[in-house]
Amino acid sequence: MNDLDALYQEIILDHYKNPHHAGLRDPFEAEVHHVNPTCGDEVTLRVHVADGTVADVSYDAVGCSISQASASVLTDLVIGKPVEEAMAVHETFLALMQGKGQVEPDEDVLEDGIAFAGVAKFPARVKCALLSWMAWKDATTQSLEAQS
Amino acid sequence: MNDLDALYQEIILDHYKNPHHAGLRDPFEAEVHHVNPTCGDEVTLRVHVADGTVADVSYDAVGCSISQASASVLTDLVIGKPVEEAMAVHETFLALMQGKGQVEPDEDVLEDGIAFAGVAKFPARVKCALLSWMAWKDATTQSLEAQS
Amino acid sequence: MTAPSQLTLEGLLPQLEVVRKDFPILERSVAGGLPLVYLDSANTSQKPQCVIDAMVDHLERHNANIARAMHTLGAEATEAFEGGRDKVAAFLGAPSRDEVIFTKNASEALNLVASTLAFRGPRQVGEGDEVVITEMEHHSNIVPWQMLTERTGATLRWFGLTDDGRLDLSDIDELITERTKVVSFTWVSNMLGTINPVAELTRRAHEVGAIVVVDASQAAPQLPIDLQAMAPEERPDAVVFTGHKVVGPTGIGVLWGSRALLEELPPFLGGGEMIETVRMERSTYAPIPHKFEAGTPPIAEAVGLGAAVDYLRDLGLDDVRRHEHALTAYALDGLATVPGLTVLGPLDAEGRGGAISFEIDGVHPHDVAQVLDARGIAVRAGHHCAKPAHARFGVQSSTRMSSYLYTTPAEIDALVEGLHYTRSYFKLD
Amino acid sequence: MTAPSQLTLEGLLPQLEVVRKDFPILERSVAGGLPLVYLDSANTSQKPQCVIDAMVDHLERHNANIARAMHTLGAEATEAFEGGRDKVAAFLGAPSRDEVIFTKNASEALNLVASTLAFRGPRQVGEGDEVVITEMEHHSNIVPWQMLTERTGATLRWFGLTDDGRLDLSDIDELITERTKVVSFTWVSNMLGTINPVAELTRRAHEVGAIVVVDASQAAPQLPIDLQAMAPEERPDAVVFTGHKVVGPTGIGVLWGSRALLEELPPFLGGGEMIETVRMERSTYAPIPHKFEAGTPPIAEAVGLGAAVDYLRDLGLDDVRRHEHALTAYALDGLATVPGLTVLGPLDAEGRGGAISFEIDGVHPHDVAQVLDARGIAVRAGHHCAKPAHARFGVQSSTRMSSYLYTTPAEIDALVEGLHYTRSYFKLD
Ligand SMILES: Cc1ncc(COP(=O)(O)O)c(C=O)c1O
Ligand SMILES: Cc1ncc(COP(=O)(O)O)c(C=O)c1O
């Protein structure tokens, strides 16, 4: 598989064409708006935390296949997980993205997220893959603060 | 004669050690203060014009041998001359200085001023030689305006 | 290396393959052995060997600080630096070399004017005053004016755009009024490619006593400029461009300003070189151009920029313009063959610069650029520092190809082929 | 070429002749065949081949605009540019790489801080506030503060100098008070050579809540700097230096600022790269470092500067410091043999940088420099952009020799001989 095909794996293109959990929904404790200033990709993202669990993540994103698919995979991975566990998934995904292609992805933790392993070799695209993940972390932190 | 000796001709060093017409005197119509910002040389110069003639030029100058000698030679050349004639001398001196060493000095017009021919080969020193001449032109123009 | 193009077009630079040899980077291969097809020249241009050599020669043989140094190297460096100014003045047809100010880039040049207009002086902008820009400006010609108007209480207004990407001048009489103090606009749009009517806008602005600032960042690389030949009422008061887009180095930009304007503007940055005399209590300032050049200037960069504008003049800006025009027409034709592709901006090559932004239904610009990159083709994807112009057309980003004097028709072919491939890669057929 | 020095001194860089080979310009002859003796390094330093080569390689193989370009060349250029930032951060021991801002020179860096302190924000300077500088500052660390205080109605105050050219700290309690908002001073004087007590002054300023700006233009070339190792209360809030004095290129300078300060300061120049999002009505700004880097930055210059600071770190700043110290002591001894020569500034090499300014009775500095130049020796004559310090010592200008890591004792000998010759040339014996 060449680098380009490694970047655009079927899983990514599928999530891109049919994003999961898309759209903005109630209820939520925090809504954030993140921008990638260099390319203009944007995401508005809401998080609803209930009983220490990520009860819902909803979003409205404009951007490339990588950033859209990444938002979709994110929601699959974190919705329904205890916040702590979801944060651990976040860490794992972050490590994969920043690994310059040297980190072996853990399918047990990342599921469809392992398709992003190929992105790590394209420094300019890592930010696309991380946009919604950073937004989610920010919003989740705010949700927890709002509740305490 | 090497370039250095052509720059520091005896005439120049003599004027430097014993400047003519130095000091500030009355009467005068205009006093100007000119500075060479790159090196800090300064001259305060007064002009007295009477009956269309440069009746007096007096000055207080701080600077290198070239700038000091040049002020001294200037006063020798212009004091007592009709303004128009003095301006023509100014033009001749200016042309010599800006000639990059290619202009043959006219001793009839420039007298001791021909000793500055060697300065024209040192672009960084041309400004030193011209400092008081520029100040004189400025002050003379102001004197004429003050009288009209 | 690219195989020499089979194709030739009317208007291309003569000896294009020889010209290409001047640019060492064009020999490079990328993406595992493919020839580089560089179509991102509106972002930054490549550098000919003579520019690189001029800088190297300066650094290896003549390096010294300028003006303040009286020794041999200092005199040589000063002559080389001021020689760069003379060359830029000639390139612009500037009425006087002293009107050429070196800045660090076009952005600083625009900020210089906008910032000093906030300071006390005959041109000071204040409450009730208006500054007029356009919706097609690069961020560097928007944000400085936002800052100026926010800081002074003045009002920022702007020309909108027509659907085909030109300035909408229908409300010019409401926009340019006695309240207008500054009109600033781009000569050539870096996103839409539009060439704006500089003479007309300048005349109208001058009628109400406003000063005119023209962003020539995209014009200077491809249009002949002759300030002296302009009618005074149609000559802008300030024109800026940036070194790295005219085959020159980074780290240097140019502000040309009329002597009248530059003498009225207060100094911008304070420091060495821009002073007449300094006492602890107060300082006085040097005449132009030095008044606006605080600190050690970009010396080697001015040497490189001088070599760059001489290179362009040797080729002939008229010929460069013709070359760009021929390629742009050819590219517009080629792009029209790609299904679902929409060009943002004027569709005829006439009255248009060499940057072409477009969208492709169903593929995001990043993904277009990525697939092209894998084929060795460099284009830009994003908002090209022109978010408002993108917003005007309801898009968030676009793909932009931009040719230059070294671009061949074969490279345009490669792009068009690459776009067809991109669509099939994303299964759009 | 200079004959290899017979002389060696304790503390010189090991392999000095090998180090000299790194600098192509040192092979040059001037004044009709004489070897170049370059003693004007405080004005600008010479460049080693590795710095020139790094820039050439960038221009010939990796040139592209950064950040905004997603293609291969763009990714390479971005990595090279941001790599320059990493190297500078390491050079300063900066707590975070994001605290390193690239400017066009040290002067712009100082102006950035002084200008933005006039704008609305938590650090805004206004009437009743005081800014404290010193009488030994370079004009670039005087004029920006004059402009700030003039524009805001604040008051500018300054430390005077002792007769031996040190800061007169006797009135520190009257100068640094609760009214003080900024204390800005040079780490090493470019005229007097004095090294100032950064830790002590910073601590005092922090006690009253003032921010501290340190001009390290002359310190960075010759002193090891480790910001992280400083006690927080003794660590300045901003430190600036300039590329061309640390064997790097022109066209680039550095502002290091603590994250806390940089986040509090409003943006300086507006334009591309420094924005988060732009609408015609209003823009929001990027986080540091980009917030302060409007427009295309000095890309090739950052690559060159990265190579330059790596070169210095490879040599070892401690060794460079020792080398400078040995030469300064040697030069002070040599200068003392010249009749009528007076050194301005501290007379012991301890606690002193490598710039030595002096007067010679009966010969004006220009004339000294001219005669030396005819012998191939480059020194600076004038006010060295430090008019107030000259005024303090009652002189209008001086001659300055400044050595650097490539300077040999034989070159100091040539200077001292040249000065004896100058006196005899002007018949002072
Ligand atoms: C102490 C000091 N500060 C500031 C500067 C200004 O540096 P630049 O001219 O590169 O802005 C210099 C050098 O000229 C200097 O020696
Ligand atoms: C139209 C236009 N204006 C201004 C700029 C800013 O130039 P620079 O980034 O060199 O300051 C650019 C290029 O980026 C441009 O295309």
Side-chain angles (χ1 to χ4, degrees), chain A residues 1-19 22 33-45 59-73 97 101 115-133 135, chain C residues 30-34 40 43-44 138-140 142-143 190-191 344 357 359-400 418-419 421-429:
Chain A
M1 192 161 56
N2 65 31
D3 279 358
L4 196 67
D5 294 341
L7 177 66
Y8 292 117
Q9 297 193 26
E10 280 309 325
I11 308 181
I12 291 188
L13 296 181
D14 288 346
H15 276 275
Y16 174 45
K17 301 232 153 138
N18 302 297
H33 180 74
H34 277 216
V35 176
N36 179 343
T38 49
C39 67
D41 280 2
E42 298 182 36
V43 66
T44 306
L45 186 142
Y59 61 93
D60 182 19
V62 221
C64 63
S65 57
I66 305 297
S67 73
Q68 302 267 36
S70 165
S72 171
V73 169
M97 285 301 97
F116 290 83
V119 177
K121 282 195 202 137
F122 293 86
R125 304 306 292 277
V126 168
K127 279 189 195 164
C128 308
L130 287 178
L131 184 66
S132 55
W133 290 77
Chain C
V30 287
L34 299 173
D40 196 19
N43 202 352
T44 201
H138 187 281
H139 294 162
S140 292
I142 298 177
V143 183
N190 70 312
M191 174 203 166
L344 302 162
S357 299
E359 284 192 290
I360 298 181
D361 272 356
V363 204
H364 189 278
H366 288 184
D367 297 319
V368 175
Q370 193 77 59
V371 175
L372 292 177
D373 188 50
R375 296 167 73 90
I377 303 167
V379 297
R380 185 166 174 192
H383 51 62
H384 324 316
C385 298
K387 279 198 155 216
H390 277 84
R392 159 65 180 80
F393 291 99
V395 302
Q396 181 229 17
S397 65
S398 63
T399 308
R400 182 182 72 184
L419 293 173
Y421 174 77
T422 304
R423 292 190 75 256
S424 68
Y425 189 86
F426 288 109
K427 307 198 174 52
L428 292 174
D429 279 324

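These numbers come from a predicted model, not from an experiment. Numbered from 1 within each chain, the chains take letters A, B, ... in sequence-line order.
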Sub-4.5 Å side-chain heavy-atom contact between C:Gln370 and A:Ile66 =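 C:Gln370 does not reach A:Ile66 side chain to side chain.
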Decide yes or no for C:Val371 and A:Tyr8: does some side-chain heavy atom of the first lie under 4.5 Å from some side-chain heavy atom of the second?
->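 Sidechains of A:Tyr8 and C:Val371: in contact.
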Which bit of C:Val368 is near chain A, if near means a heavy-atom gap under 4.5 Å: side chain, backbone, both or neither?
->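 Neither part, no heavy atoms under 4.5 Å.
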Given that the side chain runs from C-beta out, which part of [X] has a heavy atom under 4.5 Å from chain C: side chain, backbone, both or neither?
X: A:Glu42; value: both
X: A:Asp5; value: both
X: A:Asn2; value: neither

Once you round to the nearest 0.5 Å, how far does CG of A:Leu13 lie from NZ of C:Lys427?
->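 A:Leu13 CG to C:Lys427 NZ: 6.5 Å, rounded to 0.5 Å.
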State the CD-NE2 distance between A:Gln68 and C:His366, to the nearest 0.5 angstrom.
->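 The distance works out to 11.0 Å.
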Apply the test side-chain contact (heavy atoms from CB on, under 4.5 Å) to residues C:Tyr425 and A:Leu4: give CA-CA distance (whole Å), side-chain angles for both, the deciding distance (0.1 Å), then the verdict.
-> CA-CA 10 Å; C:Tyr425 189 86; A:Leu4 196 67; 3.8 Å; yes
